[in-house]
Each structure stands twice: as structure tokens, then as C-alpha cells.
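Since this is a predicted model, take the numbers as computed values, not measurements. Counting begins at 1 with the first residue of the sequence.
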Amino acid sequence: MHYRPAVLLAVLLVLPLLAREGRAQEAPQAQRYENVTWHRIDYVRYKPGTQGRALEIIREYFVPAAEQAGLPVPMLVEMTTGEWDVMTIWTLDGGVADLEWEVSPEGVAFQQAMAELHGADAARALGEEYEGLVAAGMTHLGLRR
């Protein structure tokens with residue numbers, strides 16, 4: 001008798017399921033993640049020829065403002081392969097609830113620090129300039145156990 005590989009694979013996958021049906025079904029238990037940190041990972045691709053200026057804005061203006069506001073500075077990784085120029089990794093100290101803000105308290109503190117360091121108009125212009133350098137972005141969430 002000759003068995004086709006697809007049929008044999010289907011039988012091998014279904015047999016353990018049938019064997020489980022004979023056992024008493026256990027009620028599912030709610031289980032929360034313990035001892036994890038949540039992270040937001042942002043990928044950014046800049047318009048051609050603008051990465052140097054974008055990184056200058058980050059290092060010369062954004063990082064000092066974050067530090068002045070007492071905010072954490074994300075890990076910034078310059079990518080050497082792939083379609084993205086940089087990756088930033090932010091730790092979400094409040095877990096995924098940190099993402100529930102339309103304008104977060106940290107965002108307000110950062111904008112205030114930018115205005116204090118550079119003046120409100122210059123801070124706004126720097127933010128607009130940086131955004132104008134960005135060609136595309138993508139965000140992922142992840143947890144670390």
C-alpha cells in the first residue's frame with residue numbers, strides 16, 4: 001500500500017488531538033505575564049542624503065532635551081543592512097498602558113524642555129525639520145522575559 005506524504009502528515013497531526021479528547025477537558029486558566037518589560041521598537045528610513053542631519057538633530061537637540069526633562073533616552077541602533085536606517089528601542093516602564101496616551105506626560109515634558117533649551121519657535125522648527133527628513137517608519141511591540 002502506498003501513502004501520499006500529505007495524507008500521512010495529516011494522520012500524524014490528527015492522532016495526538018484524538019488521543020487528547022479521551023482525557024477530561026481542563027478549564028483554561030488566566031495567566032498574566034510576570035517579570036517582563038515591554039518595549040516599543042521604531043524603525044526609521046530617512047530620505048536619501050538626510051540621515052546625517054537626522055542623527056545630528058537627535059544627538060544635538062533631542063537627547064539633551066530628554067535628559068533635561070529627566071526622561072529616558074532610547075537605545076538608538078544605526079542599521080548597516082536591510083531597508084531601515086535606524087532602530088530605536090524604548091522601554092515602556094508602564095507596560096503597554098504607556099501607549100494609551102494621545103499626548104503623553106513624557107511628550108509634554110520633552111516639548112517643554114525643547115522650548116526651554118532652544119525657544120518655542122526653534123523647537124517647533126527642529127521637530128518639523130526632523131519629520132521632513134523621514135521617508136518611512138514602522139513600529140513593533142515586544143516583551144522581554
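- Relative ring orientation between His118 and Tyr61 is described as perpendicular, the plane-to-plane angle rising above 60° on a 0-90° scale split at 30° and 60°.
- Using a 4.5 Å cut-off on side-chain heavy atoms (C-beta onward), Leu76 and Leu55 make contact.
- Using modelled atom types, one side-chain atom of Arg45 and one backbone atom of Glu83 make a donor-acceptor pair closer than 3.5 Å.
- Rounding to the nearest 0.5 Å places CD1 of Ile58 at 11.0 Å from CZ of Arg53.
- Residues in residues 136-145 take part in these side-chain hydrogen bond (donor to acceptor under 3.5 Å, both in side chains) pairs, two or more places apart or across chains: Asp42-Thr139.
- Taken from CD in Glu131 to CD1 in Ile57, the straight-line distance is 10.0 Å, to the nearest 0.5 Å.
- With rounding to the nearest 0.5 angstrom, the CD atom of Gln111 is 9.0 Å from the CZ atom of Arg124.
- Counting heavy atoms from C-beta on, the side chains of Val86 and Tyr43 never come closer than 4.5 Å.
- Val103 has its side chain within reach of Val108: a pair of non-hydrogen atoms, C-beta onward, lies under 4.5 Å apart.
- Linking ILVMFWY residues whenever their side-chain heavy atoms come closer than 4.5 Å, directly or via other members, places Leu133 and Phe62 in the same cluster.
- Residues Lys47 and Glu129 are not paired through a salt bridge, judged by the lack of any N-O separation under 4.0 Å between the basic side chain and the carboxylate.
- Partners of Glu102 by side chain to side chain contact (heavy atoms under 4.5 Å, CB included), not counting sequence neighbours: none found.
- Of the inter-residue distances, the one linking His39 atom NE2 with Met75 atom CE reads 9.0 Å to the nearest 0.5 angstrom.
- Going from atom OH of Tyr46 over to atom CH2 of Trp84 covers 11.5 Å, rounded to the nearest 0.5 Å.
- From Asp93, atom CG reaches atom CG of Asp98 across 6.5 Å, with rounding to the nearest 0.5 Å.
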